[in-house]
Each structure stands twice: as structure tokens, then as C-alpha cells.
Amino acid sequence: MKWQSPIAPGLSWYQATLAERPTYPQLDGSTSADVIVVGGGFTGLQAAYQLAADGVHVVLVDAARFGDGASGRNGGQLGTGQHWWPEEMEHKLGKARSLAFFRMAEDAKSHLLDFARAQKINIDFTPGQLSVAHKRNMEYTYRHHADALAERYDYPHLSFMSRQETAERLGSSHYYCGLRDIGTGHIHPLKLLVGTAKAAAKAGARLYEMTKALNIDRADGRIAVETERGTITADRALIACNGYIQEHLEPKTAAKIMPIRSFIAATTRLPKALKILPGGESVDDSRFVVRYFRKAPTGELLFGGREVYSADDPKNVSKHLHRQIVQVYPQLADIDITHAWGGSVGITLPRRPLVDEIMPGVTSIGGFSGHGVMLSNYCGKLYADEIAGRSQDLGLYRDLEIPAFPGGERLRKPLLFLALTWFALRDLI
């Protein structure tokens, strides 16, 4: 019987196409470590690998199986830069900080690919990404963005696409123009996740699945993480739960990171005669409620686009996503959907990652706001680098001001739902 996640709906195409997914034991009894990591996604496992490789005694726990959260169920797109385009960040943070964040994202991209290569993880990397505009009046903004990256950020890999070129590269005339990025690409995220867990275990990290952290506290100079079947004490702790953070575990982080549900459908293999995405690029569009899609190396269309701004699971995910597929590709009206799944994406109010010291020795990292494939992995590495004294780059995120969502525990989710529904309606204008 196929494993069904208790925290995210639907069997993913990623899991269905995975040759092997090892299991790890539950923690049974109390133990101690130099560092305790809570969360077995990209951030936590990458940190555990780097720490163990440095000779640090590290214990990692996750409430479900590794890959049940966003790290194993996302769209697989690497992207370029942060959530905000660099020229937008210049207005908010200044040119120097914007450039530093862009370079960090490029380092994150290189690190991911280098790590997979060094650990011999076949992540199905496919180069190329298309960012496309769903409104006619966005042409100037898209042209300016390509020029800005080439001239001010030393990134020559982005080119503007006319409506005709956009249609040819998509196999659809649904969008008005776009950008082609040949300096990035897309991957099979669950293969990376499984490979990272194997690397961490091989390096000496003690990994535990199905081990829910119930409480974290500090007493007598040590940090104690209580689980259902034992307590872990350590000198330091990393909370890497992202969109799955629970208020009972760490309310400060939960107030600043909001989970939104995002869903993906996989179709049967596309007929080659249709010439959909003939170059193999992944795609994201300009909607606030973004649609993102790509063709798998084996020919299936993986299409994400229906977001729900709460922790509740919507009904009839396949039907809604099929409708969006047909809006972009009318020629796929009769295509069958084989898999539909979802998960929680962690966002912050300003859509910038959160790095916060919530108590002495305890760091919380998350809120990657849709750019987690690259940045979450890299932040895990930077956490270990900071402990080893190799780098202080994580401080770039720590210096950002990330406010709590308004409304408190009772009202912030309804308020966010109303606000983002309004933005979704603007997509239609």
C-alpha cells in the first residue's frame, strides 16, 4: 500500500515515480546532542548534513515522513533571485543589499546543483524557465527587468520574449509576453529530499521520522525539546518547520509564517504532436495567485495553480486544476489527470524569508514564500556555516524586519484569506 501523508492531501506524482524512499525510526526514549533540528525538509536535512559533516553531534526529528511537507511536494522550480525582483528590492532595501540578496540566491542555485552532483543524487535537472505575463500592459516591466539584471546584476541569462516567441515556446497563445531564463531550471524535489536525508544519515546525523516535537524550552543553560516518547537536550536548536509550524511549539514563528495550501496535478503523457513546451522549460506566470507548470522528462504535464489561504483541504482539486490547464492549453480538454496533491507553503507578510532568534541558542528559519527549493537548502547550509564560523551570510536574512500577520491567533487567517482573495480577483481584471 502506498504511504498517504497525514499532513498533506493526495499521492504525489513525485512519490509515484520514486524508485526508493527509505524510512527512518521513531525516537524512543530521551537523548542529547550538540544541536537538535526540528523539521525534516530541505532546511533541516541540509543543516543536519552540514553539521554532521563538520563533526557536530546532531539529532533531527520530524512529525511525519521526510518529504511529506513542502520540500517533497512542491513545483520543483529553482527560479532566479528572491521573491521580489532585484529592482523592486532596490526601492525597499537599497542597491547594496539588493545585490547581496541576488548574489546569495545565485550561490544557493550553485550550491544545490553542486551538492546533488557531489552526493550523486539524480534530481532530473532540466534547464530553462519561462516567466509569462497574463496582462498586455506588463510588457514594459518585463523588458526593463531583463535589462536591469544584465546591466546592474551581471546576469545575462534572461531575455525578453515577444508574444509570438512566448506562444511558440509555450505551445499556447494564452499569454502576452514573457522572459526566458537559461540560467536556471527545474528538478524532481522528492529525489533531492530523499538524497539529502541519505547524505545526512551517512555523515552521522541521527534522523527520526514520525516524532512530533511538542514543546521547546530552555533551562539550566540547555535547550530541551519534548516529544511524545522522549526529550532531547542540546546546546543549540534549529526550528525548520516552515509552513507546518505549530503555535503550541513556537508561537513567535507561527505568528510570522502563514501556511497557504497549493495544489498540483499531473496528467498522462502529452502527445508529442502537440508541441507543448518543446524546449522543456518550467513556467510561472504573473498572477498573484500564480500558476506554475512544467513538463516532466517523461512527458507528463505537472500543473499547479489553485491556492487556498488556510489549512483546510479543498474538494475536487483535480477538477479545478483541469479547468485551469484547459484555459492555458485548450487542446488538452480531454487529457486525463493521474495524480493531484497539495501541501502548505510558508509565506511571510513581506514575502521575505524569516531568520529569527526566538530564544538564546534557538534559531527559526522559514517563510520562503514560493522560493524555497533553492533558498531553504541554502539556509540550512548557512546555519551550519555560521556555527562553524565559516560564514555570517545568514545575517542578511536575520537583519530583515518580518512583522507578525495582523489579527492575532483568531483573526489573522480570515484576514489573510480576504486580502489574498481580493488580489486574486485583481488577476481577472
Side-chain angles (χ1 to χ4, degrees), residues 24 31-62 66-67 69 71 100-101 103-119 121 192-208 213 216 222-223 225 232-242 245 250 253 346 353-368 371-400:
Y24 295 85
T31 189
S32 63
D34 297 326
V35 180
I36 167 68
V37 178
V38 181
F42 286 144
T43 303
L45 286 170
Q46 187 65 234
Y49 163 76
Q50 296 289 343
L51 289 166
D54 288 337
V56 177
H57 182 198
V58 57
V59 170
L60 180 148
V61 297
D62 193 279
F66 305 146
S71 296
F101 279 116
R103 287 175 175 169
M104 175 188 279
E106 283 299 285
D107 290 343
K109 190 188 299 179
S110 298
H111 169 261
L112 187 154
L113 297 176
D114 290 344
F115 173 79
R117 191 178 303 112
Q119 298 298 325
I121 307 170
L192 177 61
L193 190 286
V194 168
T196 305
K198 287 182 179 179
K202 185 177 179 181
R206 293 163 58 194
L207 308 180
Y208 298 99
I216 183 167
R222 296 274 283 173
I223 298 156
V225 175
I232 309 160
T233 56
D235 298 319
R236 297 173 183 261
L238 169 62
I239 297 178
C241 302
N242 201 14
I245 188 69
E250 210 302 282
T253 302
L354 169 75
V355 177
D356 199 7
E357 303 301 308
I358 58 155
M359 66 178 76
V362 181
T363 301
S364 184
I365 300 178
F368 298 102
H371 278 242
V373 178
M374 288 190 319
L375 297 180
S376 61
N377 272 281
Y378 199 55
C379 281
K381 175 188 182 297
L382 291 180
Y383 175 79
D385 286 348
E386 192 171 80
I387 289 177
R390 285 189 296 266
S391 169
Q392 295 298 316
D393 284 352
L394 197 61
L396 284 170
Y397 285 133
R398 192 180 283 108
D399 291 342
L400 293 172

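Salt bridge status for Arg103 with Glu106: absent, with no side-chain N to carboxylate O gap under 4.0 Å. In summary, Glu386 and Arg398 engage in a salt bridge, as defined by a charged side-chain N under 4.0 Å from a carboxylate O.
Contact of the Tyr397 side chain with the Leu382 side chain is not registered, since no non-hydrogen atoms from C-beta on lie closer than 4.5 Å. Val38 has its side chain out of reach of Glu250: every pair of non-hydrogen atoms, C-beta onward, lies at least 4.5 Å apart.
The CG atom of Asp107 sits 7.5 Å away from the CG atom of Asp393 when rounded to the nearest 0.5 Å. Annotation: the span from Leu192 atom CG to Leu112 atom CG amounts to 5.0 Å, rounded to 0.5 Å. To the nearest 0.5 Å, atoms OG1 (Thr43) and NZ (Lys381) are separated by 13.5 Å. The structure places OH of Tyr378 at 10.5 Å from CD of Gln46, a figure rounded to the nearest 0.5 Å. Here the CD1 atom belonging to Ile36 is positioned 12.0 Å from the CG atom belonging to Asp235, to the nearest 0.5 angstrom. Atom CE of Met104 and atom CG of Leu394 lie 7.0 Å apart (nearest 0.5 Å).
The two residues Leu60 and Gly40 have their closest heavy-atom pair at CD2-CA, 3.8 Å. Closest of all the heavy-atom pairs between Phe42 and Gly372 is CD1-O, 4.3 Å. Pairing each heavy atom of Phe368 with each of Cys379, the nearest pair is CE2-SG, 3.8 Å. Closest non-hydrogen pair, Phe101 versus Leu396, comes out as CZ-O, 3.3 Å. Nearest heavy-atom pair, Ser364 versus Thr253, reported as atom, atom and distance to 0.1 Å: OG-OG1, 2.8 Å. Here the shortest heavy-atom pairing between His111 and Asn377 reads CE1-O, 4.5 Å.
Exactly one of Thr363, Val225, Ile358 qualifies for a side chain to side chain contact (heavy atoms under 4.5 Å, CB included) with Ile239. That residue is Ile358.
For the residue pair Ser32 and Arg222, no side-chain donor N or O sits within less than 3.5 Å of a side-chain acceptor on the partner.
When atom types are taken as modelled, the side chain of Asp62 and the backbone of Gly39 share no donor-acceptor pair closer than 3.5 angstrom.
Remark: Arg206 CZ is packed, more than 12 non-hydrogen atoms of other residues, nucleotides or ligands lying under 6.0 Å away.
Between Tyr49 and Phe115, the ring-plane angle classifies as perpendicular under the 30° and 60° cut-offs.
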